[in-house]
Student: 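Just passing along the structure, written as structure tokens.
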Amino acid sequence: MTHTLGRPDFELIAGWVEPGHRVLDLGCGDGTLLKYLIENRGVTGVGVEIDDANILAAIKNGINIIQGNLERGLDEFADQAFDHVVLSRTLQTVRHTEGILREMLRVGREAVVSFPNFAYWKNLRAVLDGRMPVSEDLPYQWYDSPNVRFFTLRDFEDLCEKMGLIIKERHVLDEQGNIVENEVNFLGSLAVYRLTQNR
Amino acid sequence: MPGQSVGVVEIQRAHFNQPLQLRSGGILPAYDLVYETYGTLNAAKSNAILVCHALSGHHHVAGHYADQPDNIGWWDNIIGPGRPLDTDRFFIVGLNNLGGCHGSTGPSSPNPATGKLWGADFPMVAVVDWVHAQARLADLLGIDSWAAVMGGSLGGMQALRWSVTYPERVRNAIVIAAAPKLSAQNIAFNDVARQAILTDPDFHGGNYYEHNTRPVRGLRLARMLGHITYLSDDQMGEKFGRELRNSAFSFGFDVEFEVESYLRYQGDKFAGYFDANTYLLMTKALDYFDPSREDDGNLTATMARSKANFLIASFTTDWRFTPARSKEIVAALLANGRNVSYAEIDLNFGHDSFLMDDAHYHGVVDAYLRNIKL
């Protein structure tokens, strides 16, 4: 597959949105994904970021961006204001895991969540070798990592079940961004879920 | 921020004969507005930015006068070639609002009906009245729609008001350190300030001009109180701490702590040039400001009338109009699907942060304005 913008999860997300959809990107960085979706998929979008440099970069990119802290919820957004709420590679950095997932499906019809799989075989091997894993999808040393939650595909799916969230689609990628079909919890480095809930 | 000042500027004056119906029910039969402009209006007249002033501001926003090189505009640091309000690209307009005391018609101007100064007879003006008057100035200048209307504090409220009163005439609204309406605490501070003026024996019911005096003591107290609300606790702590002018306590009521010295100086300076009636009017305009009142308090319904794109900015240490107040505006805009960006800027200068020259703050305004298509 092609690696749009160097982030294979973006390609999947682009396939799920339709022209005219409203997209909220949480932890949107400089707005690269939103800009791509706006220009190539005809969506309207808003991003949320906490970091000053990203706020400036997103405004330069012409993206609607709201400075805020995901840990404090999404109060400024109304119920069901968006078709898709994206949380790309950020869930593992948020303490209030259940809170943010509930907020995403409060303000959006669907949630798109991607995160690094801590049970990926290379990560397991690193731990067996006595080291915390550092990889394409976990590119930090233990002492400078923004990650505060360490979980696997199975862990996440258990939480979804507990919370009553419906997994509409799941795609698992290896470090090169190739789709993994089998033994996903062992062979997958990054997981992308499309979630919704009964209303 | 790189860039230069606009340099030498000149005051301009416009007279308006068409009566202005005011929100308070009063009518101004005719009035003057003083204003300044920086940069050049393009042929399409599409590059104009209106900068609205706050409580004590005026038309002298940027640059200096040829004969007064030290008289620099109150928001000079953001306006000029290469600055965020880039005069190589934009045509900037600043004016003194109605009720002001810097040249536009106000309580200290002559009332043509009586031949005396207006004083207490000057009608109460509201933010929406200023916006109507500003629209007439735009007409005079040939500006059908502003590329942006912008302001901090009460100035930001005017930008917000523009966006719902003249939605076709504002393409962008930049609302900084503002609120959709005042809180009880905000009104309380304003009322203490007003009481200081109203109870000054030299106030004479607002007609102190006839008595050749001014309620300087009340105005000074009002400003001292207001000034405290413009600064952050941390900033005052860093700037003054508990520093004494002399090393030992004097056990008296003269100036001892540096913060007392600073506030008294600020109060004296302000009371020396500002008009007390104008101060009263400006604080009432703040108190009455609430565009959502037309929609039973539903700000989302109010902002549905806007068509502009918005940049909303607040400051982390601003306890007068906190970030939460700006986020009320953001939420109302988001609920209407408006294009809006919101920056919460970490600056240590409290409410006054909006006047500071900070690289990130000015970078945000600069980036936003550079994306505006003219």
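Each chain gets a letter, A, B and so on, in the order the sequences are listed, and its residues count up from 1.
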Student: Taking side chain as everything from C-beta outward and backbone as N, CA, C, O, which of these in A:Ile66 sits under 4.5 Å from a heavy atom of chain B? Side chain, backbone, both or neither.
Tutor: both
Student: With only heavy atoms counted, which part of B:Leu311 is less than 4.5 Å from chain A, the side chain, the backbone, both or neither?
Tutor: side chain
Student: Is it true that a side-chain atom of B:Tyr368 and a backbone atom of A:Ile59 form a donor plus acceptor pair closer than 3.5 Å?
Tutor: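 Judged by distance alone, no pair lies under 3.5 Å.
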Student: Ring-plane angle category for A:Phe77 and A:Phe82, please: parallel below 30°, perpendicular beyond 60°, tilted otherwise.
Tutor: perpendicular
Student: Which residue out of B:Val340, B:Val364, B:Ile312, B:Val330 racks up the most heavy-atom pairs below 4.5 Å with chain A?
Tutor: B:Val340
Student: What closest approach, in Å, do B:Trp319 and B:Ser232 show between heavy atoms, and which atom pair accounts for it?
Tutor: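 Closest heavy-atom pair between B:Trp319 and B:Ser232: NE1-CA, 4.2 Å.
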Student: Counting heavy-atom pairs closer than 4.5 Å to chain A, which one of B:Asn339, B:Ile345, B:Asp346, B:Asn309 comes out on top?
Tutor: B:Asn339
Student: Which region of B:Asn371, side chain (C-beta onward) or backbone (N, CA, C, O), has a non-hydrogen atom less than 4.5 Å from a non-hydrogen atom of chain A, or is it both or neither?
Tutor: side chain
Student: With no hydrogens and no angle check, just 3.5 Å: does a side-chain donor-acceptor pair link A:Asn147 and A:Thr93?
Tutor: no
Student: Can you say whether A:Ile50 sits under 4.5 Å from chain B via the side chain, the backbone, both, or neither, judging by heavy atoms?
Tutor: neither
Student: Looking at B:Ala332, B:Ala335, B:Ala331, which has the largest count of heavy-atom pairs under 4.5 Å with chain A?
Tutor: B:Ala331
Student: Going by the angle between their ring planes, with limits at 30° and 60°, are B:His351 and B:Phe321 parallel, tilted or perpendicular?
Tutor: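 Answer is perpendicular, since the angle exceeds 60°.
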Student: Between A:Ile63, A:Leu56, A:Asp52, which has the largest tally of heavy atom pairs under 4.5 Å with chain B?
Tutor: A:Asp52
Student: With side-chain hydrogen bond (donor to acceptor under 3.5 Å, both in side chains) as the criterion, how do B:Ser153 and B:Tyr230 come out once you've worked through the C-alpha distance, each side chain's angles and the decisive distance to 0.1 Å?
Tutor: CA-CA 10 Å; B:Ser153 189; B:Tyr230 304 150; over 6 Å; no
